[in-house]
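Here is the structure we will look at.
The figures that follow rest on heavy atoms only: side chains count, while hydrogens, waters and symmetry mates do not. Not measured: the values here are computed from a predicted model.
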Amino acid sequence: MKAAVFNAGELRLRAGRLESSSEDLHHGDHVLNPDIVTMLKATALREAAVLIPVVDHGDHAGLILTRRTASMRQHSGQIALPGGAIDPEDGSPETAARREAMEEIGLAPELVETIGRLPPYLTTTGFRITPVLSLVQPAYTLAINRQEVDAAFEVPFDFLMNPGNHIRESRIWQGKERFYYAIPWQEHYIWGVTAGILRVMYERLGVD
């Protein structure tokens, strides 16, 4: 496997090949934990969406990630993608993802162009998350909601799409060993749902 070099044009081309309407749990860390996936598929999950905000810098790209505040009830202090539950008035995962990004980090919706969806990601905290792949204009500014987010930062997209930076790890969860991916970058430790979604994106975009 090798690293890919992405710019906005290449990402748009690959995103156009995604079959976003089907539930595909045969990628990422889902395939590492089939018993957990079976359990989650039989569970009533709440619909949620996250934005995958890829910043178009011309010859290269970056991905905006956040660090959640330590006071958050779930995933406190973790590295995350902007997002949350889909409200009835949202109407679509795309609208929910853009709304959440605006509420969390002040990312203006008019600077965000949706180019595709990834398969839903099921979580043990009770959510069925639709990742919305989007391009962000580089002239964006942020206004961070300090009640939810401690920091927002860009990570080079090439780094995240390099499988050499994906570390497979495990922890004991409910008495069983659970496998997951981690992607350390500088002082940040990206793992859990965020790393799982990024791994699915690497596999579905056909980087090899």
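- For residues 132-154, every residue pair satisfying the ring-ring contact (aromatic ring centres under 6.0 Å, His included) rule, not counting sequence neighbours, is listed here: Phe153-His188.
- Remark: Arg46 fails to qualify as a cation-pi partner of Phe127 under the 6.0 Å distance and 45° angle criteria applied to the six-membered ring.
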message = Before you tell me yes or no, could you show the steps for Arg204 and Leu118 under side-chain contact (heavy atoms from CB on, under 4.5 Å), namely the whole-Å CA-CA distance, both residues' side-chain angles and the distance that decides it to 0.1 Å?
response = CA-CA 8 Å; Arg204 289 301 302 267; Leu118 293 174; 4.3 Å; yes

Sequence neighbours excluded and cut-off under 3.5 Å, please list the side-chain donor-acceptor pairs for residues 93-104, or say none.
{"unit_1": "Glu94", "atom_1": "OE1", "unit_2": "Arg117", "atom_2": "NH2", "d": "3.1"}
{"unit_1": "Glu94", "atom_1": "OE2", "unit_2": "Arg117", "atom_2": "NE", "d": "2.6"}
{"unit_1": "Glu94", "atom_1": "OE2", "unit_2": "Arg117", "atom_2": "NH2", "d": "3.4"}
{"unit_1": "Thr95", "atom_1": "OG1", "unit_2": "Ser92", "atom_2": "OG", "d": "3.1"}
{"unit_1": "Arg98", "atom_1": "NH1", "unit_2": "Thr114", "atom_2": "OG1", "d": "3.2"}
{"unit_1": "Arg99", "atom_1": "NE", "unit_2": "Asp90", "atom_2": "OD1", "d": "2.8"}
{"unit_1": "Arg99", "atom_1": "NE", "unit_2": "Asp90", "atom_2": "OD2", "d": "3.4"}
{"unit_1": "Arg99", "atom_1": "NH1", "unit_2": "Glu103", "atom_2": "OE1", "d": "3.3"}
{"unit_1": "Arg99", "atom_1": "NH1", "unit_2": "Glu103", "atom_2": "OE2", "d": "3.2"}
{"unit_1": "Arg99", "atom_1": "NH2", "unit_2": "Ala85", "atom_2": "O", "d": "3.2"}
{"unit_1": "Arg99", "atom_1": "NH2", "unit_2": "Asp87", "atom_2": "OD2", "d": "3.3"}
{"unit_1": "Arg99", "atom_1": "NH2", "unit_2": "Asp90", "atom_2": "OD2", "d": "2.9"}
{"unit_1": "Glu104", "atom_1": "OE2", "unit_2": "Gly83", "atom_2": "N", "d": "3.4"}

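- In this structure, Phe157 and Met201 have side chains that are in contact, with non-hydrogen atoms separated by less than 4.5 Å.
- Looking only at side-chain heavy atoms (C-beta outward), Asp158 and Met161 stay at 4.5 Å or farther from each other.
- Leu205 and Leu13 fall into different hydrophobic clusters, where Ile, Leu, Val, Met, Phe, Trp and Tyr are joined by side-chain heavy atoms under 4.5 Å apart, directly or via other members.
- Using a 4.5 Å heavy-atom cutoff, the side chains of Asp35 and Lys176 are in contact.
- Closest heavy-atom contact between Ile86 and Ala49: CG1-N, 3.9 Å.
- For the pair Val55 and Leu63, the minimum side-chain heavy-atom distance is 4.5 Å or more.
- Hydrophobic clustering, with ILVMFWY side chains joined whenever heavy atoms are under 4.5 angstrom apart, keeps Tyr180 apart from Ile129.
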query = How far apart are the C-alpha atoms of Ile190 and Leu160, what are their side-chain angles, what is the distance that settles it, and do they pass the side-chain contact (heavy atoms from CB on, under 4.5 Å) test?
reply = CA-CA 10 Å; Ile190 306 166; Leu160 297 171; 4.1 Å; yes

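- Here the side chain of Thr38 pairs a donor or acceptor atom with the backbone of Pro34 at under 3.5 angstrom.
- Under the side chain to side chain contact (heavy atoms under 4.5 Å, CB included) criterion, Ile167 pairs with Glu169, Pro184, sequence neighbours left out.
- In this structure, OH on Tyr121 lies 13.5 Å from OG1 on Thr130, to the nearest 0.5 angstrom.
- For the atom pair Leu11 CG and Ser134 OG, the distance stands at 9.5 Å (nearest 0.5 Å).
- Using a 4.5 Å cut-off on side-chain heavy atoms (C-beta onward), Leu81 and Leu51 make no contact.
- The distance from the CZ atom of Arg12 to the CG atom of Leu133 is 10.0 Å, given to the nearest 0.5 Å.
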inquiry  = Set out, in order, the CA-CA distance, both residues' side-chain angles and the distance that settles side-chain contact (heavy atoms from CB on, under 4.5 Å) for Leu107 and Val136, then state yes or no.
reply    = CA-CA 9 Å; Leu107 182 60; Val136 178; 3.9 Å; yes

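- The minimum heavy-atom distance linking Ser170 with Glu177 is given by the pair OG-OE2, 2.7 Å.
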ask   = Would Ile79 and Thr66 count as a side-chain contact (heavy atoms from CB on, under 4.5 Å) if you check the C-alpha gap in whole Å, the side-chain angles of each, and the deciding distance to 0.1 Å?
value = CA-CA 6 Å; Ile79 305 303; Thr66 71; over 6 Å; no

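- The existence of a salt bridge linking Asp150 and Arg68 is excluded, since no basic side-chain nitrogen approaches an acidic carboxylate oxygen closer than 4.0 Å.
- You'll find the side chain of Trp185 stays beyond 4.5 Å of the side chain of Leu65, heavy atoms only.
- Put simply, the side chain of Ile64 reaches to within 4.5 Å of the side chain of Ile105, judged on heavy atoms.
- Geometrically, Arg168 engages Phe179 in a cation-pi contact, judged by NZ or CZ lying under 6.0 Å from the ring centre and within 45° of the ring axis.
- The closest side-chain heavy-atom distance from Trp191 to Arg171 is below 4.5 Å.
- To the nearest 0.5 Å, atoms CZ (Arg128) and OG1 (Thr43) are separated by 13.0 Å.
- By the rule that hydrophobic residues join a cluster once side-chain heavy atoms approach within less than 4.5 Å of another member, Ile197 and Val155 end up as members of one cluster.
- In this structure, CD on Gln137 lies 8.5 Å from CD on Glu110, to the nearest 0.5 angstrom.
- To the nearest 0.5 Å, the span separating CG on Asn165 from CG on Leu198 amounts to 11.5 Å.
- Arg146 and Thr69 make their closest contact through O-CG2, 3.3 Å (heavy atoms, listed as atom of the first residue, atom of the second, distance).
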